[in-house]
Amino acid sequence: MLIWVAAMHCEAKPVIDFFRLKKSHDHHAFDIYEKDNICCIVSGIGKLNSAAATAWVAALHRQSRSIAWINIGTAGSESFAIGSAWSINKISDIESGHRYYPVPLINSQLPAKHCQTHNQPDNQYDSMSLSDMEASAFFSTATRFSSGELIHCIKVVSDNSVTPCSRNKNEVSQLIQQNMKVISEFSQALIEINQQIEQMGISETDWQRFLAQAHFSQTQKIQLKSCLRFLLSQGDSIDSLMAVISSGANAFSIKNSQSILSGLAQRRIDFSRNL
Amino acid sequence: MVSCVYVESSVKHHERTLRILARFKNAPVVEIEHHGEVFNPSAQNFRLQKSNPALILAHKNNRHALPTPEGYGLGGKHNFYFSHMLNCLYDCRYCFLQGMYNSAHQVIFVNYEDFDDDITQICAQHQSEPVWFFSGYDCDSLAYEPVTQFANFFVPAFKKIDNAWLELRTKSTQVRQLLKHEPCERIITAFSFTEQHSHDKLEHGVPSIEKRIDAMRLLVEAGWPIGLRFDPIVYHENYQASFSHLLETIFSIIDPNCLHSVSLGAFRLPKNNFRQVNKLYPDESLFHQNLVLDNGIVGYPLAQEEEMMRYCEQQLLQHIPTHCYQPCKWHE
Ligand code: SF4
């Protein structure tokens, strides 16, 4: 699952259009647009809104095996060109003093910059960094749900010391829209990284199927998950493992948790004998 | 190739920092206050980072050299380790570093002079007795030598302290810097090997066995003492034949009489590290072998381990003099 978090609708629109996302009418706390494994949420401006929307949408997708995140939006800068797009490699929260370091994405075509997050619009541009109002809250909230490598911010410069911030929503959308090729390539690279994590997991539905076979203690659940993840990675399928557990013609035909676990454990020892 | 270089503000003008940065002209540079800001947060995935690590240039403030954990050493009385680097260029699946840190980024502490001061002071406290220092505890001692110039600095530093002994532990072939110096009997370069099948399956990015034997040969020819570390021995159906073949390959080129020490140990990991690496690599066969928990350590069942050790020891002692053999007996 890839989740885009944008403060304003005009910042989200290029993403919604590019990925042909559809508005969800199931939720009313925030505007959400979705399709397949991509979702975009419009948070509202500022740290509080961004943190609330990030946490809310994470809870909504709690069944996902892994969530990747991009905070897309505009930012101010002293001298960077209007319309230039940047990934963020350092975020400083001006009010709290906290700093965060999104991990650079390999092969990204987007140059990386430092971003300072403020409570209020910042007219005192910093010469070395961008200024926004959400990144720090977005990042610190998203790290509660995903690993840092999966959380990124992309900012497009909307104002600088020469050109003030545009109030025209179409113009804002246009600034992001013109960078959508490189932004979508960035998101594709992130999706691929996220898939590596997703493939290591076991879906909630499948997990419940196994749990329904017997009563497992907490420790046994950990052992069961470890066994299943390994055996699945070695080419066993969910159905073949279920068949092994369910069939009477195997070494652990009595279906109690211990016999299921020892049967699976033997199977993984056999698989791993030769590394 | 590194994805990014993080530089602590306090070392941004350090001569070693500037030299390292000059090697990575195309990597983005991010200034940080303390390496822990990037290295320590828990929301990091070691496995993902390992395929795209960043470099962190930092200052180590204190505790430059520490006593080794019990059982670590080569029979000496005073044993210390020091880490100019955290994490490794290579990616061995049995390595305890995988479960040690949240981050796979490589940290280089550039203030080598402070390490040298502490080492000098520790040696002065033990004056006439040999003091051992192990540098390959949190990293491979030599793998990053072209960048760190670690040996280039510490070889002269150790040479000038009469009772200081140094073990450089490596799986690399980076001996060029060492060869520029006159050999010193108190500086031992210990090469770690696993047999071919385990090497192929578990030691990602590590140079081939042949290339490492060749690096050993160059050191021996130049008069440097070397060591061999067969640790870990990993079980598989053909491990005996494969281990014997490894020994034959090594000793067809290396004169066993040039060896300072040889050690041997079966695969094992502290419980917490094991749990962590198993979570990171659920698809890794090594962690799903027949392993048991004994005294906080996950390893092969005692009988199996004893059998493996017995076999390997027997083979080894056919090649090497007994006095340089150091079995690793973690059960005791
Ligand atoms: S070479 Fe040594 S330190 Fe590096 S990954 Fe392998 S075992 Fe770990």
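Chain letters run A, B, ... following the sequence lines, proteins first and then strands; every chain starts at 1.
- Using a 4.5 Å cut-off between heavy atoms, Asn278(B) contacts chain A through its side chain alone, with no backbone atom that close.
- Interface remark: Leu291(B) contributes no atoms to any contact with chain A (heavy atom separation under 4.5 Å).
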Checklist entry - side chain to side chain contact (heavy atoms under 4.5 Å, CB included) between Ser233(A) and Glu284(B): does it pass, once the steps are laid out? => result CA-CA 9 Å; Ser233(A) 76; Glu284(B) 178 55 62; over 6 Å; no

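- The residue among Ser108(A), Pro111(A), Ala112(A), Ser226(A) with the most heavy atom pairs within less than 4.5 Å of chain B is Ser226(A).
- If you measure heavy-atom distances from Arg93(B) to chain A, you find no contacts under 4.5 Å at all.
- The two residues Glu237(B) and Arg273(A) come nearest to each other via the heavy atoms OE2-CD, 2.9 Å.
- Sparse packing is recorded around CZ of Arg144(A), with 12 or fewer heavy atoms of other residues, nucleotides or ligands lying under 6.0 Å away.
- Side-chain N or O atoms of His197(B) include one that pairs as donor or acceptor with a backbone N or O of Asn274(A) at under 3.5 Å.
- Of the two parts of Ser198(B), the backbone and the side chain both hold a non-hydrogen atom closer than 4.5 Å to a non-hydrogen atom of chain A.
- Using a distance-only test at 3.5 Å, with no hydrogens or angles considered, a donor-acceptor pair links the side chain of Ser147(A) to the main chain of Asn45(B).
- Of residues 194-205 of chain A, those residues lying under 4.5 Å from chain B by any heavy-atom pair are Gln196(A), Ile197(A), Met200(A).
- The shortest heavy-atom contact between Ser285(B) and Phe230(A) is CA-CE1, 3.6 Å.
- For the residue pair Thr143(A) and Ala43(B), the shortest heavy atom distance occurs at O-CB, 3.5 Å.
- Heavy-atom minimum distance, Leu105(A) versus Asn52(B): C-ND2, 4.3 Å.
- By the 6.0 Å contact criterion, NE2 on His245(B) is open, its count of non-hydrogen atoms from other residues, nucleotides or ligands being 12 or less.
- Judged purely by atom type and a 3.5 angstrom limit, Gln234(A) uses its side chain to pair as donor or acceptor with the backbone of Asp283(B).
- In this structure, Tyr6(B) and Pro102(A) approach most closely via the heavy-atom pair OH-O, 3.8 Å.
- Between atom CD of residue Glu31(B) and atom NE2 of residue His114(A) there is a gap of 10.0 Å, rounded to the nearest 0.5 Å.
- When the shell of 6.0 Å around CD of Gln188(A) is examined, it contains more than 12 heavy atoms from other residues, nucleotides or ligands.
- Contact annotation for Ser146(A): only backbone heavy atoms (N, CA, C, O) come within less than 4.5 Å of a heavy atom of chain B.
- Considering CG of Leu275(A) and CG of Asp200(B), their distance stands at 10.0 Å, rounded to 0.5 Å.
- The 12-atom threshold is exceeded at CD1 of Ile269(A), counting heavy atoms of other residues, nucleotides or ligands nearer than 6.0 Å.
- When each of Tyr101(A), Phe271(A), Phe145(A) is scored by its heavy-atom pairs under 4.5 Å with chain B, the top score falls to Tyr101(A).
- Neither the backbone nor the side chain of Tyr239(B) comes within contact range of chain A; no heavy atoms are under 4.5 Å apart.
- Among all heavy-atom pairs drawn from His288(B) and Arg268(A), the shortest one is ND1-NH1, 2.9 Å.
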